[in-house]
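Heavy-atom basis, side chains included; hydrogens, waters and symmetry copies ignored. This one's a predicted model, so the numbers in the text were calculated from it and none came from an experiment.
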Amino acid sequence: MTYQYPAAVFETEDGWTAVFPDLDGLTVSAATMEGLMEACREDMQAFLFAQKAQGAPLPQASGNITAQDVIRRYSLPYASGNMEEITVEA
């Protein structure tokens, strides 16, 4: 089955960070944007597999969320960011 969740993506001093607000605040970091997208897919897939293995319901994806919403929700130290839709098979 295919799953898609939004991630707020921020440029940092060390590279890039993504926060998945719908996946219990799952946070992923990498040195490059390409590396970040790969790590996001891997970590998101692992998160979803773990939820399924525990018999927990999968979270509903946010429909209309902004990077500013994520910054406020988690009190992140970023001024701005972009939203990316990450898709995986799980």
Are Met33 and Val88 co-members of a hydrophobic cluster defined by side-chain heavy atoms under 4.5 Å apart?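 Yes, it is one cluster - the side chains of Val88 and Met33 are joined through contacts under 4.5 Å.
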Could you tell me which non-hydrogen atom of [X] sits nearest to which non-hydrogen atom of [Y], and how far apart they are?
{"X": "Val19", "Y": "Gly25", "value": "CG1-O, 4.4 Å"}
{"X": "Pro21", "Y": "Val70", "value": "CG-CG2, 3.8 Å"}
{"X": "Phe20", "Y": "Ala7", "value": "CE2-CB, 3.8 Å"}
{"X": "Cys40", "Y": "Val28", "value": "N-CG1, 3.9 Å"}

Under 3.5 Å, which donor-acceptor pairs link side chains of residues 41-59 to any protein atom two or more places apart or in another chain?
from  : atom 1 : to    : atom 2 : distance (Å)
Arg41 : NH1    : Met37 : O      : 3.4
Gln45 : NE2    : Glu89 : O      : 2.3
Gln51 : NE2    : Pro57 : O      : 3.4
Lys52 : NZ     : Tyr3  : OH     : 3.2
Lys52 : NZ     : Ala90 : O      : 2.9

When you look at CD of Glu85, are more than 12 heavy atoms from neighbouring residues, nucleotides or ligands closer to it than 6.0 Å? yes
Gln4 atom CD: more than 12 heavy-atom contacts under 6.0 Å: yes
What's the spacing between Thr27 OG1 and Leu76 CG if we round to 0.5 Å? 7.5 Å
Approximate separation, where rounding is to 0.5 Å, of Thr66 OG1 and Met83 CE: 7.0 Å
Quick check against the 3.5 Å criterion: does Thr32 have a side-chain atom that pairs as donor or acceptor with the backbone of Ala30? no
Non-hydrogen side-chain atoms of Arg73 and Ile65 separated by less than 4.5 Å: yes
Is there a side-chain contact between Tyr5 and Leu26 in this structure, where contact means two heavy atoms from C-beta onward sitting under 4.5 Å apart?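 With C-beta onward as the side chain, the pair stays apart.
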Using the test ring-ring contact (aromatic ring centres under 6.0 Å, His included), find all partners of Phe10 that sit at least two apart in sequence or belong to another chain. Tyr78
Applying salt bridge (Lys or Arg N to Asp or Glu O under 4.0 Å) as the test, list every pair that has at least one member in residues 61-71; sequence neighbours left out.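 Only Asp69-Arg72 qualify under salt bridge (Lys or Arg N to Asp or Glu O under 4.0 Å).
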